[in-house]
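Keep in mind it's a predicted model, so treat the numbers as computed, not measured.
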Amino acid sequence: MNFRLGPLPCVLALLATSLGAAPTIIRGPYLQSATPDSLVIRWRTDTTEASVVSYGTERGQLKQFAKSEGVASEHIVQLSGLQPATTYYYSVGPTPLAPPAPGKAVAEDAPGRPSTYSFTTPPVAGPAKPTRIWVLGDPGTKNDVQRAVRDAYYAFTGKRATDLWLLLGDNAYPEGTDADYQKAIFEMYPVTLRTSPVWPALGNHDGRSANSETQSGVYYDIFTLPTRGQAGGVMSGTEAYYSFDYANIHFICLDSHDSDRRPDGAMMQWLKADLAATTRDWIIAYFHHPPYTKGTHDSDKDNDSTGRMNDMRAVFLPVLEQGGVDLVLTGHSHVYERSPLINGHYGKSPTFDAAKHVIQKGSGRDGGDGAYRKKRGRIPNAGEVSVVTGSAGHAGSTSKPPALNHPVFYIAMNEAGSSVVDVDGLRLDLTFITDKGEKKDWFSIIKE
């Protein structure tokens, strides 16, 4: 009888398991689908084991636990029955942490478990709460620029917590593979991943290893996103596009790459229903392909990105503006471009007419031209600010610099960086921070 050994790594893993070696966490933990009373925590181990999250509202007193059935190396555990706007401490592993003895605290670093981490649940949807949002477009280059952009934001935000963060697509270059995501996201942002929920959009590079119609591939395997409207908004039935609420903000994520973009398609029908249903003070829409750009892509060229930018401008932007959108965030073009308060420009750049399409001109800055102002409420076509912030991983080539001359924009620059959105009641502020830590643009929108 012949006996053949398998590949050496597999043999070593089996041997380690048989000898009782504890599996090692190689990804995460990371936070998904946060609501005021629930949260999904995910992580990956190098071998299979049970999936248990121990948690509680006091560090070292993790008396509650949640688990998923069976054993796995890809761990997905949902916590339910949480309290809104509450800080919880948690630890992940194969078993619940033993309850502490009277007067004692559970050790934060029990053998075989990671440190104790924390998260804060979203507030009840509706009432305002100061909210910080980190926005990363096209971050996944795995290079020094991506690291510099990350560190510049960390220096900017300091001790101010990041309530949530958005990925605008092209999250992991070049192919959006699992290995690409490991280096570009999970090894790049471990601290933010385990403390703040991340809400991604699909980009064209992510789409090389994912399929929106079948909900399959790396992007859909990695993220757990709301399909039933459980985080706020109308049920989409798909992770490709979805919405969620945080305090008095309604977020809409569209799939500009791989879903049906026709006027009568499923995504459009869902968008109209979702816009009609929300009563939040602010609507922020985000997706990958920008309606306007003259950066590393050109929204005037029909063959650029196979017409996707045209579709988002001519088909989806009119519906978003009719629905009262306040801010549109996109990536794809590896530059920073930002409009004033605009409405109604759905054609190529030569058709732009400032007298017709600009609701309020100027910088939108206090101390300058003044903040952009809108009336409170769901008022159709009251104006939105369009921001292309696609340089969180790299900027455009300096040897062949982009034109940056689209007339819709108030400011445009070929700089690497990320954007920070702060919402406080009826005031929204956006700041662009470069990889060198410079504050290169900022503006405000105030609801009357």
Side-chain angles (χ1 to χ4, degrees), residues 25 27-43 51-68 75-93 95-100 103-110 113-135 150 153-166 186 189-199 223-226 230-232 244-249 251 280 420-425:
I25 293 177
R27 174 177 294 180
Y30 60 106
L31 309 181
Q32 298 278 272
S33 294
T35 79
D37 62 4
S38 68
L39 182 82
V40 173
I41 299 181
R42 297 188 57 158
W43 70 98
S51 308
V52 180
V53 176
S54 300
Y55 64 101
T57 55
E58 296 181 47
R59 182 181 290 276
Q61 298 285 326
L62 310 185
K63 300 178 182 179
Q64 298 172 270
F65 72 92
K67 65 179 182 178
S68 58
H75 306 275
I76 307 173
V77 177
Q78 178 163 335
L79 278 56
S80 301
L82 304 176
Q83 295 299 310
T86 300
T87 297
Y88 286 87
Y89 300 90
Y90 73 97
S91 180
V92 303
T95 58
L97 285 176
K104 299 289 185 179
V106 172
E108 293 184 15
D109 299 308
R113 304 182 74 99
S115 300
T116 296
Y117 305 121
S118 67
F119 63 84
T120 300
T121 50
V124 172
K129 172 190 173 295
T131 303
R132 170 152 291 181
I133 306 143
W134 188 22
V135 184
R150 175 199 65 189
Y153 169 72
Y154 288 165
F156 172 83
T157 196
K159 294 182 179 180
R160 171 64 168 92
T162 303
D163 295 300
L164 61 107
W165 50 311
L166 310 179
F186 295 103
Y189 309 109
V191 174
T192 312
L193 282 163
R194 63 188 178 229
T195 55
S196 304
V198 59
W199 299 90
F223 296 115
T224 300
L225 304 171
Q230 62 266 44
F244 66 96
D245 289 331
Y246 191 99
N248 63 336
I249 316 162
F251 293 86
R280 303 293 162 251
V420 185
V421 177
D422 288 303
V423 178
D424 188 356

Do L39 and Y88 have side chains that approach each other closer than 4.5 Å (heavy atoms only, starting at C-beta)?
no
Contact check, side chains of L62 and T116, non-hydrogen atoms, under 4.5 Å
yes
Do W134 and Y153 have their ring centres less than 6.0 Å from each other?
yes
Using atom types as modelled, flag every donor-acceptor pair under 3.5 Å from a side chain in residues 78-85 to any protein atom, sequence neighbours excluded.
none

Mind checking whether H75 and V92 have side chains closer than 4.5 Å, heavy atoms only?
no
Using 0.5 Å steps for rounding, measure from the CG atom of L31 to the CG atom of L193.
8.0 Å
Evaluate the side-chain proximity of F244 to W199: yes if any heavy-atom separation is below 4.5 Å, no if none is.
yes
Would you confirm whether N248, through its side chain, and G425, through its main-chain N or O, come within 3.5 Å as a donor-acceptor pair?
yes
With a 4.5 Å heavy-atom cut-off, do V53 and W43 have their side chains touching?
yes
Residues that D163 engages under salt bridge (Lys or Arg N to Asp or Glu O under 4.0 Å), provided they are two or more places apart:
K129, R160
Would you say the rings of F119 and Y90 are close, in the sense that their centroids are separated by under 6.0 Å?
yes
Quick one: does P197's side chain get under 4.5 Å of W165's, heavy atoms only?
no
Under the 3.5 angstrom rule, does the side chain of S196 hit a backbone N or O of T162 as a donor-acceptor pair?
yes
OH of Y89 to OH of Y55: how many Å apart, nearest 0.5 Å?
16.0 Å
I'd like to check L166 versus V421 (side-chain heavy atoms, cut-off strictly below 4.5 Å). Are they in contact?
no
When you measure from the side chain of T121 to the backbone N and O of D37, does any donor-acceptor pair fall under 3.5 Å?
no
Mark yes when over 12 heavy atoms from residues, nucleotides or ligands other than Q230 sit less than 6.0 Å from its CD; otherwise mark no.
yes
Hey, is the main chain of S68 close enough, under 3.5 Å, to the side chain of S51 for a donor-acceptor pair?
no
In this structure, are over 12 heavy atoms from other groups packed under 6.0 Å from Y154 atom OH?
yes
Within a strict 4.5 Å, meaning less than it, do heavy atoms of the I41 and Q32 side chains meet?
no
Over all heavy atoms of both residues, which pair between A34 and A231 is shortest? Give the atoms and the distance, please.
O-CB, 4.3 Å
Whether the side chain of S54 engages the backbone of L97 through a donor-acceptor N/O pair (distance < 3.5 Å, no angle test) should be reported.
yes
Quick one: pull up CG in L164 and OG1 in T120 and give me the separation to the nearest 0.5 Å.
12.0 Å
Quick one: closest heavy-atom pair of R42 and T224, and the distance?
NH1-OG1, 3.0 Å
Check whether F186 forms a cation-pi arrangement with R27 (NZ or CZ under 6.0 Å from the six-membered ring centre, at most 45° off the ring normal).
yes
